[in-house]
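Everything quoted here is computed from the prediction, not taken from an experiment. Both backbone and side-chain heavy atoms feed into the values below; hydrogens, waters and symmetry mates do not.
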Amino acid sequence: MPARSQTASLVLKGSISAVLFALLGALVLVPMAMVVYAAFIDVLPFSGEGEAAWTLDNFRAVLSPEVGAAALNTLVVATGGTIVALAFGCTMAWLAARTDVPGKSLVHLAGVMPLFVSLLVAAVTWSLLGAGHSGYLNIIFRSLDVPLRIEIRSLAGIALVEGIYYAPYAYIILFGALTLVNPDLEEAAAVHGATLRQTLGIISFPLVRPALIGSALLIFVLIAEDFPVPQILGGPVGIETLSMRIYNMMTRIPSYPNQAGALSLMLTIAVWVLVYTQRRILAGADYRTVTGKGLRQRAIELGPWRWPATAFVVLYALVAVGLPMWALVQGALRANLFIPNAAAFFDLSQFSLRHVLDAAASTAVHDGFVNSLMAAAATSAFGCVFFFTLVYAVNRTDLPARQWLEYIAMVPLALPAIVLALGVLWTWVSLPLPVYGSLAILVIAFTTRFIPQGYRTISSAVIQIHDDLEHAALVAGASRWQTIKWVTLPLVRGGVVAAAFLLFVLSVREVAASLFLYTTKTRVLSIVLLESYESGLWSTVASISLLYTVMLVAITLVGLRWMRPAL
Amino acid sequence: MSIRITNLRKQFGPVVAVGGLSLAVGDGQMLVLLGPSGCGKTTTMRCIAGLERPDAGTIAIADKVVFDGNGFNVPINQRNVGMVFQSYAIWPHMSVFDNVAFPLRVKNIDRREIEGRTADILTLVGLADLAQRGASLLSGGQMQRVALARSLVMRPSVLLFDEPLSNLDARLRDRLRIQLRELQTQFRITSLYVTHDQREALALADEIAVMHSGELLQVADPISIYSHPASCTVADFLGYSNIFRVGEVRPAEDGHEIVLAESATVLLAATAPAEAADLFACIRPEDMAVAPSNDKHSANAPNTLLGEVILASFMGSFMQYRVRADGGETFEVYSNDILGACKLGARVRLHVPARSVHVLPRI
């Protein structure tokens, strides 16, 4: 009877483990190490620009009034945005999960829909809607003699836009928490004499409080590190956040890459502290009681409040999706930019397909499309194989130190995209491999950025499978590979497909992780859009945005069947 | 011997799950490992299947060593062991037929032989009609039979059962238990069955091994283990619900007088107690007789106590009483006399024959 000797199996396990750690380390830890290294030296890391000397000057230089202002702006935008996101997200979640609001499935759709709008496109459209005199909303207000003028290119404007588009994160987390709380707990409180108000306050709210705090911190971190929205809305009026500051340090002449490294390190530490706090708060505080039975929630009757509630949902859908899409169509299809009054919005003679067709025919846009799709497809394919292997190694083997694979896989959650881009740049520029300048470096950056999302989507599918199902196959005589092929993979297929689509969409949407990494040949669509915006080509910007959105909607519609919102 | 385990040890961190256990199951025999949850019985079974790697000891299946503690370890898929899981582990993405045929398919057996053998086994367990049904559409009892068929079709050297009936409702459990016993005695497959249910153990086993804290307490056939438990722990597990600490043992004319520690009540035991510091008097509830107390004189007869009924519960084929004796102890009593049932609060007379008072050490 063939029996593998203990040493042979240990060698095999050791080498599989080493390969996984090496891959994950190269993707996550090396770029981080490069940023840290750059922050403490006085020349570009491994660039051959002479001897590197250790220094703290980068940190001294970073502690400037400009950075102070950028930090304050970041704080204001993130706080304001989080409040807006929670206000929208939580209200919608409560309405959809626990009340008899009319058209529940539409409320649910409105709650998650903004997730599929690219933040870059959202910022561009809000710029069309609310930037100064020529903002569409301001034109309408003026024509209607409403003494109201909005300025979206302000701290409040940035916070509002961030809040609107991060609200789905609050919505999904709170909706999950509210629907998974066992209604028996609330009914028990009612039976034991509590009023509705007491039940909500003493039972329901504490049960969802971890979800509330968790989503608040998550959204705060995401907004604080966000790049495209403040860049589009704040850039033209001189508002700077920390992400933008890092970008400007790298791209303006003269550039200060080592200072950018120092600032990146500080931003990462701040984000890390917040993410760590979030995990600590949420650890062991998950009171959701998941049972096999479908929980029948008792819907709270809104009575006369049904109509204000409906109006709120419609308003949110309008502000988050309706208005921007309308603005996008206007911006892309107008023959010329000047709009004298509100009536002109409906003047069909002003419309033309010229800009859209021009944009669609331009080489830059065409290449951007191809590059985006190729990078996204490669990220999705490589990511699924790699993440499944990781998940399997962590959950289904006894490989040495396998728990550390999971810890490293979660690190990118606390790594701002722009910092990651910086680290990936310095890692691959110094290596004598033809990676920098090819699409491969974008695939590397995207894969690293989305490890946590991809990993979690697949691991939630794997964890749901009772390991007896795999043990039964082994006992029945199947080898490890036969078991994976015939039992594990068929059972997690849904999760892997979901991860593939998620990675694809996230990659197509990604802006900040592509910064510094593209060349003229490898510009992705989001970068083409950003560059057109910086050169002030408004019709082109709107046209590309429209095409970009159509593409994202098409992908989303195809993938919606499989794509569970994985955050 | 078809399964032979010697000095098996398995630790999880600081917790000793199995501590130096030796056990043998004879050819064609069904051995039931009985014990409370966490006693190491499932770990022992998983070590035999190869799902856990023991820290030390040897395991031999069908006279072939599969693990020897010196690095020799036959992988799970080469041990030819059939196993029925507690969760059944029926693959939901396959049909009943595909589930059962799986062990044959992974061995690349001839297609026609696979179909023939699978069909035969499905007929045997009464699932021939459901062969093409998706496995996720089955009831609990049907899943259990698919799991059994899947284990039988591979003609295993030994068959392992991990609490296979615990997820079923009581009536189905009774029916399947009988079916299982029939199949096992018909085919005489060496089997190891893990359960915490003493009734299941008594009904199924050729031999019962009682486990506690990773160690074997007693191995014997069901009738002798039930009538002569070796210790108070075993007795407790087999349903001896009246257990009292013994204060003093005195030799008497026709046996030994036992003085209970808590109440100074004296009972007469026919058999000699073991030599141990800690002794317990153990009495099965069905060995006690209860009658209305109208005869004051009988209170002085040996092993007769007076008391008051504090619980009377009709169980169908018997009455279950709880009686507080005047000495202070509470006795559990099963009585077949349903027509003459005593009422709650009634004064009663309890009697236990001297041969039913077992005086046993703690372990």
- Query: Given A/Arg480 and A/Glu470, is the salt bridge (Lys or Arg N to Asp or Glu O under 4.0 Å) satisfied, shown in steps?
  - Reply: CA-CA 9 Å; A/Arg480 179 77 86 158; A/Glu470 287 158 289; over 6 Å; no

- Message: Parallel, tilted or perpendicular: which one describes the rings of A/Trp404 and A/Tyr407, with boundaries at 30° and 60°?
- Response: perpendicular

- Query: Are any of the side-chain nitrogens in B/Arg4 or B/Asp63 under 4.0 Å away from the carboxylate oxygens of its partner?
  - Reply: no

- Query: Under a 4.5 Å heavy-atom cut-off, does chain B meet the side chain of A/His471, its backbone, both or neither?
  - Reply: both

- Item | Under 4.5 Å from any heavy atom of chain A - which part of B/Met83 | both

- Item | When B/Val153, B/Asn77, B/Leu51, B/Val81 are compared by non-hydrogen pairs under 4.5 Å with chain A, the top option | B/Asn77

- Turns out that what part of B/Leu104 lies under 4.5 Å from chain A's heavy atoms comes down to neither

- Query: Is it the case that B/Gln86 and B/Ser166 place a side-chain donor and acceptor less than 3.5 Å from each other?
  - Reply: yes

